[in-house]
Amino acid sequence: MTVVRISDDALALACGADAVAAEFARLGCKVERVSSWGMHWLEPLVEIDGVGWGPVGVSDVAAILKPSPLQGRGLGEGAVEQAPRPTDIPRPPTPSPEGEREKCIGPIVDHPFLARQQRLTFARAGKTRPLSLDDYAATGGWAGLDRARSLPPEQVCAEVTASGLRGRGGAGFPAGIKWETVRTASGPRKYIVCNADEGDSGTFADRMLMEGDPFALIEGMAIAAHAVGAQVGYIYVRSEYPHAIAKLKSALGLAELPISPFRCEVRVGAGAYVCGEETSLLNSLEGKRGEVRAKPPLPAIEGLFGCPTVVNNVLTLAAVPHILAQGGSTAYSALGFARSKGTMPIQIAGNVKHGGLYETAFGVTLRELVYDIGGGTASGRPVKAVQVGGPLGAYLHPDQFEIAFDYEAYTAADALIGHGGIVVFDDTADMGNMARFAMEFCAAESCGKCTPCRIGAVRGVELIDRIRAGGRAADAVEALPQMHNAAQHGRSTSDEIALLEDLCETMKFGSLCALGGFTPYPVLSALRQWPEDFA
Amino acid sequence: MTIDERLAEICAEHGLLEGPLLPILHAVQAEFGCVDAEAERTIAKALNLSRAEVHGVVSFYHDFRPAPDSRPEVQLCRAEACQARGVEALVSAAEAAAGERVRVSTVYCLGLCSAGPAARLGDRLHARLDEAALVALVRSA
């Protein structure tokens with residue numbers, strides 16, 4: 001019987017993978033639902049004996065199953081040029097065998113998009129069934145946990161430190177040092193909290209990992225628990241990820257025995273972006289408003305319910321099983337660039353031809369990511385800007401595309417890597433509008449605890465509106481004769497721009513957390529690189 | 001069973017969790033379609049919190065609603081990545097198709113950023129939407 005492998009990742013489902021799978025099953029094939037390879041423009045991607053077809057619609061299924069000389073066909077021709085088709089609209093009539101042949105991409109692992117990657121965190125992507133304990137064990141699962149448990153906790157922390165692993169949530173804090181702090185802190189209980197509140201636009205690596213390889217995350221948490229002496233863990237997932245929540249709950253049920261005595265639970269967020277900030281997340285877990293806490297005390301000392309707590313991103317924790325496997329720490333630290341060690345799962349999104357998950361060692365340039373790997377814009381128009389690091393990341397101009405993917409290099413360029421999402425915009429993007437959206441988003445999602453963010457974001461929207469309107473005339477109060485110090489002749493565009501820069505300065509240095517503190521990045525980068533869009 | 005008894009039961013079911021308030025609110029929202037003042041009162045009593053504390057939490061999060069809305073909801077992602085793929089041009093058509101019958105709401109990111117514009121109806125996700133597909137989705141809601 002022909003075994004057909006189709007992803008059950010949320011993106012594949014959104015592109016109609018279930019209907020394709022049902023059609024293969026109807027025609028007598030054995031369908032295996034696996035994780036996604038991360039080649040999103042090819043979803044639903046169908047794999048038979050290692051050969052791939054994509055994007056496949058129900059009408060292509062019969063032709064794929066017809067015996068043909070396709071198997072020997074070369075790489076990547078045709079399929080990459082296929083325009084993505086929306087779901088839920090009437091499909092065109094059954095294509096000729098020619099159309100089906102166009103969709104064959106040859107052996108999947110040889111596809112140029114995959115062949116150039118170094119997959120460690122996503123080593124199982126596309127290859128295993130997400131909820132199969134057998135598949136997990138057969139691909140090296142639990143080896144890291146078994147070895148970690150044979151070592152004293154301080155050595156586990158030391159190996160994570162030596163690997164150079166830095167927090168993948170955005171701040172890039174060395175994971176081993178955080179663990180060591182929690183290990184040596186004293187408290188009645190200790191917790192492991194996984195931050196799976198992946199709210200940044202342009203990022204989906206956490207979602208793909210939770211849906212595609214949930215046991216890797218659970219194993220990483222169990223290793224962290226052994227390293228710091230924690231008993232209980234929480235995975236805080238955003239409510240916008242229903243598939244990830246369901247997969248994690250099932251996976252935790254199946255993994256109860258391998259991770260015991262460590263216990264772990266899924267908690268669902270409630271639509272607040274700011275809960276991706278670690279202290280706000282802890283308040284939310286405690287059942288409070290998701291307001292940011294002042295630091296210090298660090299969560300490592302006083303975290304969840306006042307106890308020492310490790311708060312790590314999904315990708316950080318999922319990298320740990322590899323690091324703790326025999327020789328993994330040294331291998332991990334050998335990869336990367338300067339002080340950014342190991343690999344980063346980069347998410348290529350937005351107006352890009354070949355979007356998806358690209359895990360590689362640090363150091364890759366933005367030019368390679370956007371043009372060589374991403375294939376330029378999906379619309380075929382010139383690239384205007386790329387936003388790296390989510391809604392709080394700077395917009396980079398094509399002139400800056402030689403920048404290497406590295407925490408320090410981005411910081412030096414007044415930008416940030418964040419969670420590793422890159423969003424491509426073509427030349428139809430209005431950067432003044434994007435800057436306004438950044439402020440608007442900050443105003444909508446601010447937790448309200450600190451003034452620069454709560455009020456600054458609202459004033460920022462108003463300021464950008466005034467800049468784009470060409471300044472403003474003096475208002476009735478300013479025009480009063482006794483208002484000696486007020487601007488009598490209104491405010492020019494350059495006055496308003498100076499005020500916006502001043503406001504951004506205040507938000508950057510006066511906000512409690514990254515939401516208010518980093519919103520100036522997209523605003524100021526747009527203002528500096530594309531001043532014509534503010535006229 | 002009265003609504004009050006059912007609310008008390010939900011509170012009791014989650015009573016042993018650490019930090020039970022959010023799981024309780026999710027359960028109440030799922031069952032009654034909202035967390036209203038009456039529910040806040042019952043939950044506050046069960047958890048030994050003030051009504052103000054519970055109301056503060058309910059009003060903080062976008063997912064909880066103070067009053068039920070029987071209309072089906074289509075959540076349309078309008079974050080940067082979907083904007084880059086042209087979602088803004090679809091909004092007016094979606095709203096026109098929705099009329100009074102369907103609620104078209106904005107969500108910031110469904111995690112389908114390489115295949116936008118994307119939308120969610122119930123627990124089903126839809127990607128690569130163009131105007132026709134989005135209008136069809138809204139009509140099917």
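Fair warning: this is a prediction, and the values are worked out from it, not measured in the lab.
- Rounded to the nearest 0.5 Å, atoms CG (A/D18) and CZ (B/R124) are 6.5 Å apart.
- Here the CG atom belonging to B/L21 is positioned 11.5 Å from the CD atom belonging to A/E286, to the nearest 0.5 angstrom.
- Counting heavy atoms from C-beta outward, B/L112 and A/R207 have side chains that approach closer than 4.5 Å.
- Tested against B/C109, the residues A/E198, A/E240, A/R238 include a single side chain to side chain contact (heavy atoms under 4.5 Å, CB included) partner, A/R238.
- In this model, no donor atom of one side chain and acceptor atom of the other lie less than 3.5 Å apart for A/E445 and B/Y108.
- Between the side chain of B/Y61 and the backbone N or O of A/G290, at least one donor-acceptor pair lies under 3.5 Å.
- Under a 3.5 Å cut-off, the side chain of A/R267 and the backbone N or O of B/L22 do not form any donor-acceptor pair.
- The closest side-chain heavy-atom distance from A/N433 to B/Q83 is not below 4.5 Å.
- To the nearest 0.5 Å, atoms CZ (A/F441) and CD (B/E80) are separated by 7.0 Å.
- Counting heavy-atom pairs closer than 4.5 Å to chain A, the top-ranked of the candidates B/H26, B/E18, B/H62 is B/E18.
- The line from NZ of A/K288 to CD of B/E53 is 9.5 Å long, rounded to the nearest 0.5 Å.
- Only the side chain of A/E265 has a heavy atom closer than 4.5 Å to any heavy atom of chain B.
- Other residues, nucleotides and ligands contribute only 12 or fewer heavy atoms inside 6.0 Å of the CD1 atom of B/I3.
- Contact annotation for A/C275: only side-chain heavy atoms (C-beta onward) come within less than 4.5 Å of a heavy atom of chain B.
- Side-chain atoms of A/S201 come within 3.5 Å of backbone N or O of B/A81 as a donor-acceptor pair.
- With a 4.5 Å cut-off on side-chain heavy atoms, B/R78 and A/F437 do not count as touching.
- Each of A/G350, A/A349, A/G287 has some count of heavy-atom pairs under 4.5 Å with chain B, and the biggest count is that of A/G350.
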